Asker: 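Sending over a structure as structure tokens; questions will come in a sec.
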Amino acid sequence: MSQELPPRLDPRSIEPARYRAWQEGGYFHVPASAVLEEGRDPYVIVIPPPNVTAALHMGHGLNNTVQDVLIRWRRMQGRAALWVPGTDHAGIATQNVVERQLAAEGIHRDDLGREKFVERVWDFVGETGGTILEQLKAIGASCDWDRTRFTLDDDLRQAVREVFVSLYEKDLVYRGEYIINWCPRCLTALSNEEAEGEETQGHLWHLRYPLPEESWGAAEASRAAGAEAIGQLDDGTWYLTVSTTRPETMLGDTGVAVYPGDDRYAGLVGASVHLPLTGRTIPIVADRHVDPDFGSGMVKVTPAHDKNDFEIAGRTGLELLDVMTPDARMSEGTPEAFRGLDRVEARKAVLAALEAEGFLAGTDEHTHAVPHCYRCHTVVEPRLSEQWFVSMKPLAEPALAASRDGTITFTPSHWQRVYEHWMENIQDWCISRQLWWGHRIPVWYCECGEVIVAREDPTACTRCGSAALEQDPDVLDTWFSSQLWPFSVFGWPKQTDDLKAFYPGHTLVTAPEILFFWVSRMIMMGYEFQGEAPFTQVYLHGTVRDIKGRKMSKSLGNGIDPLGVVEEFGADAMRYTIISQCAVGTDISLDHEDVEAAFANGRNFANKIWNAGRFALMSLGDAPVRPLAEVSGDLALEDRWILSRMARAADGATRGLERFRLHEVAEGLYHFFWGEVCDWYLELVKSRLAADAEPATREAARATLVAVLDHAFRLLQPIVPFVTSELWARLPWPEGEERPEDLIVAPWPEGLESWMDDEAESAFAAFQSLIVETRRLRKEYGVGEGQRVAIHVVGGPEGFGQMIAQQGAVMDQLARVDRVETTAGEGVGANGVLPNGAELFLPLEGVIDVARERTRMEGEIEKLEGMLKGVRARLGNEKFVANAPDEVVAKARENEAQLEDQSSKLREKLVGLGV
RNA sequence: GGUCGCUUAGCUCAGCUGGUAGAGCGCCACGUUCACAUCGUGGAUGUCGCAGGUUCGAGUCCUGCAGCGACCACCA
């Protein structure tokens, strides 16, 4: 206990050992029996599983620090606080990484074949897969590592299968040929969410489609009816105009559509039009999708390459014509001139050909959102393809209701509306991916045509008995398995004790980016398969950005390595810095070019805690410490004050944590610890802790100090667990009181109302003002450090003078005051006015510049008069007196009295100053 | 195009249900025997984007405007 601590906190020397001790103590592990047998109240967070191949970045740092703070807090509250860790197999992302590795060796995945490729991915995952979880330990994450899961674990495969088959049996999973988002680089289908719209500067090309001669009459009539889209070429041919942002798709047009009620084109519906470059003739149809007020009011219809056009075709019977290969080249179905051309080249070629033939009417600049693959940023191609889908509307209903009725709350709350809007407009989800890495779709096809969807791999066809079954080659969207995470991690579909104990969970902490990808789907699956929501609180934190507001990313090179920060400044420093910026709904900004500046605040705070503890441990010594209750009669004002402040700090921290106001919690505790415990309390008790101090006051100070630090460390533990634990473990303990096994399971300070002491707080506040004001005056008049002064305190509330006189002993220590008088002062003096109305004189004959003092006081009086005028105006206002809350009016009256008092006293003194 | 959000001290941002502005960093001055210079003490800086409105009173509520941002969207 009297062991020497270094004057600087060296995180490296304490953090790893401390973490090991926690793990060895088993504090992170929560067995189902804690809930089922011991009856403890569970609190469950499942980690947003990072990609198995990921390396820890600041985004993870933020996400996991927040979760850890919440878990550590709940653990101290006595909850069975379980944080389940794990990783996600991340289909496309992981496959891409391995493909890149192979490419470096000059190998394509096809060269290896599916089986070998998947083996290779497993090898890769086996080598690097656990890295990120190990890295989480460095930042102090108190996950239950015995429960680590991977979305491709065997039992999670069972969950995926059960869900797929079950949804299929309920007709909520189906296979069909629809327009999906296709990434021509990844060569796979994507969900709507995976196709991210990026604002792109493009063009809108206007194309002319010539009409056959028999329609020229109708065309002329249309033109006469005001249809500007109808016109005549130089050779007399009538044509219509359509527009497109993707001219190459015109090769796949199978019709032109107008709005059913559009009189301008009434005569043309049912007619046909020549499709340039192709020699094909396509019909003109009417469909409600067309907006008659947009552009020409005529739309080219490309059913195989546009979602809306596909729907138009469904309603009007237009043909489907696929003109593109999976890697986005023009297919066999296109004229020879374009066949095999990449879509970009094809666009140029088509435009050139149209222009050459006079069918290009014009071009406009056009900015629009072009969908890109969220993994490789290639422009996504809407494409007709046979895929598996989940029918979402029925699943969305309870998930939507849960938000509306408040079962699930969102923080910040505005995400509730975003969530509901998405749920209300939900579309079916394309879940099949043409990848090799992932959960293989549990569907087999028999040569007899039978489709077998099964929980267990079938050995023979259920209809014809043939053993020649082929499993669907595709895998499922990664999010299909991660959406089951809140219950698949507990062994479902088996009805395990874990599931009973820990489902539903409580808080989900993640970034808003994956609200649709993950959060909303977990909620839907929770209702569908467990009958209730997987959690009730969704806390969406911000994004980590650099000082310029740019999102930290590998490609921008503006990232900060959390492990480097831990190495250099300690996990506590990083955690505090992050949490103190974690205001609801705001991003975290950190300067990647000056990492030290970014984390200095956290580092300094951790060091401050360290030194406060170091001082306390040295001062307390090895002598037994008495329980606070036994010394209550000997408590000094500052003891009562700091205990009261501590109770309030605890209260504030609890309320803040309950509402996810983490930055307020961090800053509140920072202010309490640094600004009150260190700046005031420790300074005040220094003399009382001295060996020669009067025994009763010394013991009271020692008991209070231990109580204050014990509680302060508890309150700070969730945010800065390492330094607090290290010190707490060395803290002497009150005799006869049971010491918790470890700080991280010490009870959370709550219900300390009995320590709140308004009287002590207001008396101490006055005392603080006195000190501060004296210090200020000393500075202002340049009184040297070595020079002691006398102060005369005049007036103030009842008992104030007496209280000050009692504190006289410490006045010298804090403000170099050798004499405090509470009688009226006389003559020339510096002066200050305390908030409680008391006034002090600091006799400083010969030190003061009288003229300057006079000017200052005049300014002061002017200011006071102004304020007084304002307060009087308010009090003179009948409506204010009648309508404002009583306490506000009372406060105003009090204010008025004080201002009057201060002002008149200042005037007197101004007179006293002479000239 | 729709929806939502933001605009407060040099910088990054707090400010919950309206009652005469805050933090951290930075800056200036002074200070190292006495836990901590990753420190202490004191100090300076804001017409709370602009214009109206409601109210006794608005950074806080309402409207409009300007700038920025996010999310959603099938306008070819």
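Because the structure is a prediction, the values reported are computed rather than measured. Throughout, a chain's letter reflects where its sequence line sits, starting with A, and its residues are numbered from 1.
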Asker: Which nucleotide sits closest to the side chain of A:Lys779: B:G15, B:C25, B:G40?
Answerer: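 Nearest to the side chain of A:Lys779 among the choices is B:G40.
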
Asker: When you check every protein heavy atom under 4.0 Å of nucleotides 33-38 of chain B, what one-letter string (B, S, -) results, 5' to 3'?
Answerer: --BB-B

Asker: Decide whether A:Asp253 and A:Thr302 meet the rule of one side-chain donor and one side-chain acceptor closer than 3.5 Å.
Answerer: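 Looking only at side-chain atoms, A:Thr302 and A:Asp253 do form a donor-acceptor pair, the distance falling under 3.5 Å.
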
Asker: Run the numbers on A:Phe294 and A:Tyr259 for ring pair (Phe, Tyr, Trp, His ring centres under 6.0 Å), then give the verdict.
Answerer: CA-CA 11 Å; A:Phe294 184 84; A:Tyr259 185 70; over 10 Å; no

Asker: Considering every strand and a 4.0 Å limit on heavy-atom distances, what is the contact class for A:Ala616: base, sugar-phosphate, or nothing?
Answerer: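 It contacts nothing in the nucleic acid.
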
Asker: Using purine N1 to pyrimidine N3 plus N6-O4 or O6-N4 for Watson-Crick, or N1-O2 and O6-N3 for G-U wobble, both under 3.5 Å, which nucleotide pairs with B:G2?
Answerer: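 Result: B:C71.
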
Asker: Any base atoms under 4.0 Å from A:Val301, or only sugar-phosphate, or nothing? Heavy atoms, all strands.
Answerer: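 Answer is nothing: A:Val301 stays at 4.0 Å or more from every strand.
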
Asker: Considering only atom C1', compute the distance from B:U20 to B:C48 and round it to an integer number of Å.
Answerer: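 My reading of the C1' atoms in B:U20 and B:C48 gives 13 Å.
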
Asker: To the nearest Å, how far apart are A:Leu662 CG and B:G15 P?
Answerer: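 To the nearest whole Å, that distance equals 13 Å.
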
Asker: Below 3.5 Å, does any donor atom in the side chain of A:His289 face an acceptor in the base of B:C74, or the other way round?
Answerer: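 In this structure, the two groups form a donor-acceptor pair.
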
Asker: If you assign each of A:Ile771 and A:Thr245 to its closest nucleotide in RNA chain B, which residue comes earlier from the 5' end?
Answerer: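 Final value for this comparison: A:Ile771.
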
Asker: Are A:Arg776 and B:G42 close enough that a side-chain N or O sits under 4.0 Å from OP1 or OP2?
Answerer: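 For B:G42, neither OP1 nor OP2 has a side-chain N or O of A:Arg776 closer than 4.0 Å.
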
Asker: Counting Watson-Crick and G-U wobble pairs only, both distances under 3.5 Å, name the nucleotide matched with B:U17, or none.
Answerer: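 Because no pair has both required distances under 3.5 Å, B:U17 counts as unpaired.
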
Asker: Indicate whether the side chain of A:His541 and that of A:Asp587 have a donor and an acceptor atom separated by less than 3.5 Å.
Answerer: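 A:Asp587 and A:His541 do not have a side-chain donor-acceptor pair below 3.5 Å.
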
Asker: Nearest whole Å is fine: how far is B:A76 C1' from A:Glu311 CD?
Answerer: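 Between C1' of B:A76 and CD of A:Glu311: 14 Å.
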
Asker: Considering only atom P, compute the distance from B:C13 to B:A70 and round it to an integer number of Å.
Answerer: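 Their P atoms lie roughly 14 Å apart.
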
Asker: Who is the Watson-Crick or G-U wobble partner of B:C39, with both distances under 3.5 Å?
Answerer: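 Pair assignment: B:C39 / B:G31.
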
Asker: Let me know the distance between CD1 of A:Ile514 and P of B:C71, rounded to the nearest Å.
Answerer: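 Spelled out: CD1 on A:Ile514 to P on B:C71 is 14 Å.
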
Asker: Indicate, with a heavy-atom threshold strictly under 4.0 Å, whether A:Asp291 touches base, sugar-phosphate, or nothing.
Answerer: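 If one applies the 4.0 Å heavy-atom cut-off, A:Asp291 turns out to touch a base.
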
Asker: Per the ring pair (Phe, Tyr, Trp, His ring centres under 6.0 Å) rule, which among A:Phe660, A:Trp415, A:Tyr419 passes with A:Phe410?
Answerer: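 With A:Phe410 as partner, A:Phe660, A:Trp415, A:Tyr419 yield a single ring pair (Phe, Tyr, Trp, His ring centres under 6.0 Å), made by A:Tyr419.
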
Asker: Distance between the C1' atoms of B:G19 and B:C36, in whole angstroms?
Answerer: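 Roughly 41 Å separates the two C1' atoms.
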
Asker: Suppose we define a pair by two distances each less than 3.5 Å, Watson-Crick or G-U wobble; what does B:G26 pair with here?
Answerer: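 No nucleotide pairs with B:G26.
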
Asker: Using side-chain heavy atoms (C-beta onward) and a distance below 4.5 Å, is A:Met250 in contact with A:Leu207?
Answerer: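 SC-SC contact between A:Met250 and A:Leu207 confirmed.
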
Asker: Walk me through it: do A:Asn181 and A:Glu194 pass the test side chain to side chain contact (heavy atoms under 4.5 Å, CB included)?
Answerer: CA-CA 8 Å; A:Asn181 297 295; A:Glu194 288 170 323; over 6 Å; no

Asker: Hey, does A:Phe599 reach any base, or is it just sugar-phosphate, or nothing, if we go heavy atoms under 4.0 Å?
Answerer: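 A:Phe599: no heavy atom of the nucleic acid under 4.0 Å.
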
Asker: Figure out the NE2/P separation between A:His421 and B:C4, and round it to whole Å.
Answerer: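 Between P of B:C4 and NE2 of A:His421: 10 Å.
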
Asker: By nearest nucleotide on RNA chain B, pick out whichever of A:Lys300 and A:Glu513 is the more 5' one.
Answerer: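 Result: A:Glu513.
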
Asker: Taking atom types as modelled, is there a side-chain donor on A:His203 or A:Thr363 under 3.5 Å from an acceptor on the other?
Answerer: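 Note: A:His203 and A:Thr363 side chains miss the donor-acceptor criterion.
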
Asker: When all nucleic acid strands are considered with a 4.0 Å heavy-atom cut-off, which category describes A:His366: base, sugar-phosphate, or nothing?
Answerer: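 Sugar-phosphate, no base atom in range.
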
Asker: If you measure from the Lys or Arg side-chain nitrogens to the Asp or Glu carboxylate oxygens, is any gap between A:Glu664 and A:Arg655 under 4.0 Å?
Answerer: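 Judged by the 4.0 Å cut-off on N to carboxylate O distance, A:Glu664 and A:Arg655 do not form a salt bridge.
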
Asker: Rounded to whole angstrom units, what separation is found between the NE2 atom of A:His414 and the C1' atom of B:C72?
Answerer: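 Rounding to the nearest Å, NE2 of A:His414 and C1' of B:C72 are 13 Å apart.
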
Asker: Would you indicate what A:Val418 reaches in the nucleic acid, counting non-hydrogen atoms under 4.0 angstrom: base, sugar-phosphate, or nothing?
Answerer: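 It contacts sugar-phosphate atoms only.
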
Asker: Rounded to the Å, how far apart are A:His592 NE2 and B:U12 P?
Answerer: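 Rounding to the nearest Å, NE2 of A:His592 and P of B:U12 are 15 Å apart.
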
Asker: For A:Tyr576 versus A:Gly602, what's the shortest heavy-atom pair and its separation?
Answerer: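 Scanning both residues, the minimum pair turns out to be CD2-CA, 3.7 Å.
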
Asker: Measure from the side chain of A:Glu199, starting at C-beta and using heavy atoms only, and say which of B:U12, B:A76, B:A73 lies closest.
Answerer: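 Of B:U12, B:A76, B:A73, B:A73 is nearest to the side chain of A:Glu199.
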
Asker: What distance, rounded to whole Å, do you find between the two C1' atoms, one in B:U45 and one in B:A29?
Answerer: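 Roughly 16 Å separates the two C1' atoms.
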
Asker: Rounding to a whole Å, what distance do you find between A:Trp415:CH2 and B:C72:P?
Answerer: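 One finds 8 Å between P of B:C72 and CH2 of A:Trp415, rounded.
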
Asker: Can you check the distance between B:U33 and B:G40, where both ends of the measurement are the C1' atom (answer in whole Å)?
Answerer: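 Comparing C1' positions in B:U33 and B:G40 gives a spacing of 15 Å.
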
Asker: Using Watson-Crick or G-U wobble geometry with both distances under 3.5 Å, which nucleotide pairs with B:G49?
Answerer: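 Check on B:G49: paired to B:C65, both distances under 3.5 Å.
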
Asker: At less than 4.0 Å, is any side-chain N or O atom of A:Arg417 found next to OP1 or OP2 of B:G5? Yes or no.
Answerer: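 No, A:Arg417 has no side-chain N/O under 4.0 Å of OP1/OP2 on B:G5.
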
